[in-house]
Amino acid sequence: MQTVLYVTDDQERKGNKEIMEEFTVIGKRISKVDAVDKATGRALYIQDFKLPGMLYGKILYSKYPHARIIRVNTEKAKALPGVITVLTGEDIPPVRLGVYKDNPPLKAGKVRSYRDEVAAVAATDLETAREAINLIEVTYEAVPAIFDPEEALKPEAPLVHENHKTNLLKMPWNLHYGDVEAAKIEAAFNVEERFSTTWVTHCCMGTSGAIADFDHADNLTVYTNTQIPSLAQKDFQETLKVLGFKDKRVRVIKPCIGGGFGSKLDTYAYEHVAILLAWRSRRPVKIVFEREEEFCATSPRQPTVTYISMGCDKEGKLLYRDMSMVLDNGAYTSWGATTPSVMMMPITSLYRVPNVRYNAKCVYTNNTYSQAMRGYGNPQATFAIESAMDMLAEAAGIDRVEFRRINSNQPGDVTPQGLKITTCGLPECIEAVSRDLEFGRPREKGVGVGLASLIHVGGGARIYKSDGCGTIIKMDDYGKVDVFTGASDMGQGADTIIAQIVAEELGVKVEDVHVFHQDTDICPWDVGAHASRTTFVAGNSALGAARKIRHRLLNMASETTGIDEDKLTLKNRAFFADGKQVLPIGKLLRGSHFKPRGEMMMADNFYDPPNENMGRDFSGNMSATYSFGTHGVRVKVDEATGKVEILDYIAAHDVGRAINPMLLDGQVHGGVLMGVGYALTEQVILENGRNMNPDFRDYKILTAMDAIHSKAVVIETVDEQGPFGAKGIGEPGCVPTAPAIANAIYDAIGVRIKDLPITPEKVLAAIKKKNGAVSCGIDAFTQKEQPCE
Amino acid sequence: MRLPKFEYFEPETLEEALRLLAEWRERVCVLAGGTDVLVKMRNGRLKPGAVIALERISSLNGIGFDLRKGLTIGAGAKLSDVTSHPDILRYYPAIARAARVMANVQVRNMGTIGGNLCNAAPSAENAPPLMALGAVVTAASLEEERRITLDDFFRGPGLTAMKPEEIMTSIFVPTPPANSGASYQRISARCGVDIAAVSVGAMIMIEDTVCREVRIALGAVAPVPMRALSAEAFLKEKVWSEEFLREAARISADESRPISDVRASLEFRKQMVAVMTQRALEEAYGRAIKR
Ligand SMILES: Cc1cc2nc3c(=O)[nH]c(=O)nc-3n(C[C@H](O)[C@H](O)[C@H](O)COP(=O)(O)OP(=O)(O)OC[C@H]3O[C@@H](n4cnc5c(N)ncnc54)[C@H](O)[C@@H]3O)c2cc1C
């Protein structure tokens, strides 16, 4: 792995290089502040927590993808020594979860997927809870089920939710800017294609878990792995309300989290089940997932079927993009159903394209239900767009790199959706990739290169009325800083970035700053760790609070020393004038309250970025700035086995400013590896709704041994809105990987794979088809001839 | 999952181990590296009353080579020792390769070659090259010591020709004949830590461009590792040529009996048997004519 830093010409002219050198902490490769704790086992995860009197909960899942629950017999389970509480869907008040409130934590009457929670047990130890679950007898009556979203739209399809009357979710994702039909007539070159993607899952190293604990006055504390402490607090509050508790306090404590990637953006049945079990048993209850549960009972990235057509004029300028999609929502509704809101961004705004139309249908099926995952729909949309870009370039007879240059977004653009592009390093990203991969290099047999770009929100994303984050900072008598942030660290390094920003502003060292992010009783509100927003939004929030403190410190120092404020500098834990140290920060701080009318050094700040909610027609400047990137890859395809080997990989990203190039590397290389898995090997295999590969043996996440040689190129555009110029980079790393690889495969052997993952079997079938074969053998399951593809 | 209670023994001699085995009979499980056993115990598929660990029986762990006779690998030899043994690397590169491409560093440091064979997975990595090279295993009980050719060893997934009271002590591989070469090829979905979707071990002996001896063994494409006897018969006594090679590969695909599962479809496996057989024979041929 290798990282290269480029500063755009523009910034160089502005003399930004010099400014950079003035930073003491920003831009430095600083280890994560929690690295040693995590490496040595001091860090506490949900698995490590144990409360006095705590019970262990277990959940019983459905045995059918779609069935009526006729009877649940819990007698034997209740009789088992050590079992304290058994709950079924019939025993609980009507708690509802999710975006659509269509999901009870324990199901009564009907199950709609294998993952449906039917009953739960709390026992004095885990083994007993496990045993008790197996003693619960459920009688089901199976009803017809539906697993294919396109089939589920047909009138004769069984209904997943009878009351809903249709399997189509009532979320009209429709937009049309310009005139696509007119542009189609005008276009000199057109392409039209169907692409599909499949289920993949987050594979967090730390499995899901929660502990619910009521105090004597029915106040609730929930320890849980969540990316949204403040919103989770609200969800739990609602559950309390349904239980009949009013005006109670809900406290959410977030232990160290072993990975989020979007999986923890909602509250889940298991968290509410823990609350219900604790409520019934009056004891703390802990539920922690086993790995198989993590695979089967958490929500993956949703599959999509995408139809795209795109056209350009004779010179290669894009004229229109027309896309429609069907998304498998699964049996219940969480954030997966809203990913079209982010897909719209690349669809309308990746490259300059004046006329765009988009329509997406989210469809109930009897599969597991879908959720946000790194990129939030962007990887699925970009797979279709960037594959089609290569096809269109070929149709127009224009070099692929040149085609992207012609259509690249530029600073100052306003896209058809109303996204206001300010800083934009896309042209530099395209150049960096094409230069580095030597696109013109003479070709070897079976070797090819490909590229693909991305746009993503880089300055928050206004999904709720507020996109804000609060910060409180206090300094102690010795110049040490406590930062209470709304941000959620889940391993990505938010705490380190915030510490760096605050340390830079207050002239202290990173180790002087302690960031608290784990407790809603202590930390201010935040909308959650999503949309690559934390560095930008929480960073700006922390920066604002630090500025207030800095201002007061300088003010007080000036009073104390009699030196003009603008002659004082704050660095190295002290005030300096004319290059000489005049006063250490600690001394000033101690003096500030050991005196009449003393004061404490504290400040708070709420930052809500200048972005807009989408309007009725889905237009609006969703983010305060946008991140760009281009990935390039050289692959070698074994035409006899269909195996794809990655020889070189380069990922160029416009990140505004690299606050910590080491953590940035982690995001990019990690994102790329996740993207490579998405492209080539990963797949949750659902057979009639049942997860067939719920373990790491058969779910082919890439291992350390599969890590590829990749190079990260950082383009710094220093965004005016960002903290020290930074934009978000959490998600982009995995967005353009799959199309870049698909494009490289096409370049290598002349076949285009349109369905992810690109397995050797699909590559072989495509080669056969290209060579004129009609049949690709007998399918083992159906015993029928299968057509090639 | 917490493991149910079991007795645990660490005998230091083979005899002691065999006595314990005879005493506990069906309720006992032999543990070598434990990389299969512990996985099965943890997921509840295996619930032994007692576990006999072999690690301290040093007579099971050695690797010895005699140019006139052949190679003797102790059943308890670690896979990492097999991959790095100089004589194995020099005279049996296909065996070294099979042990090297499987699993990961940690598993290879714990797992044994005997464990891999006794576990009798259809995909057992070490079986195809050993079968191709004519390996014979030795099984000992309190009563007797007997030799079983590897061809007769596998009886079904998880089933072997060994009796419950027997322990595998060693694996013997004859010295490869002059002008012979062997190869091991495999394919799986990802590179690291992945079970082979198809694997092939092959050995050929070439005399004046004529293929005098040929043995091809296939892994993961039948309930047990199997010989591709028709392909072998086809190739035997033929003058080596591209065309015959391809035909032999096709025949071996025909005689393989794979299934479809989440790892690969039947059709793909058959295709890969042909590709891997061809590649194994090519490499074996290259080695044969070099020696
Ligand atoms: C992460 C992981 C990846 C893996 N990848 C692969 C792979 O790529 N390819 C592959 O083939 N395997 C793989 N395995 C399986 C396993 O590692 C191998 O089969 C290994 O060689 C088993 O050896 P062991 O010494 O650990 O056997 P153990 O687990 O100790 O024993 C396996 C079986 O053999 C019996 N046994 C062991 N020794 C004797 C003996 N001397 N006499 C009689 N019976 C005996 C045991 O009773 C048991 O039934 C993997 C395992 C893991 C955990």
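Letters A, B, ... mirror the listed sequences (proteins, then strands); counts begin at 1.
Residue A:Met705 holds its CE atom at 10.0 Å from CG of B:Asp194, rounded to the nearest 0.5 Å. To the nearest 0.5 Å, the span separating CZ on B:Arg263 from CG on A:Asp698 amounts to 4.0 Å. To the nearest 0.5 Å, atoms OG1 (A:Thr641) and CD (B:Gln185) are separated by 10.5 Å.
Between chain B and the residues A:Pro757, A:Ala640, A:Pro760, the most heavy-atom pairs under 4.5 angstrom are made by A:Ala640. Contact tally against chain B (heavy-atom pairs below 4.5 Å) for A:Ile701, A:Thr703, A:Asp706: the top residue is A:Asp706.
Using a 4.5 Å heavy-atom threshold, the side chains of A:Leu764 and B:Met272 count as touching.
Scanning both residues, B:Ser265 and A:Glu761, for their nearest heavy atoms gives OG-OE1, 2.8 Å.
Of the two parts of B:Ala274, neither the backbone nor the side chain holds a non-hydrogen atom closer than 4.5 Å to a non-hydrogen atom of chain A. With a 4.5 angstrom heavy-atom cutoff, A:Asp695 does not touch chain B via any of its atoms.
Annotation: A:Lys636, atom NZ; neighbour count of heavy atoms from other residues, nucleotides and ligands within 6.0 Å does not exceed 12. Remark: B:Arg279 CZ is packed, more than 12 non-hydrogen atoms of other residues, nucleotides or ligands lying under 6.0 Å away. Within 6.0 Å of CE on A:Met205 lie no more than 12 heavy atoms contributed by other residues, nucleotides or ligands.
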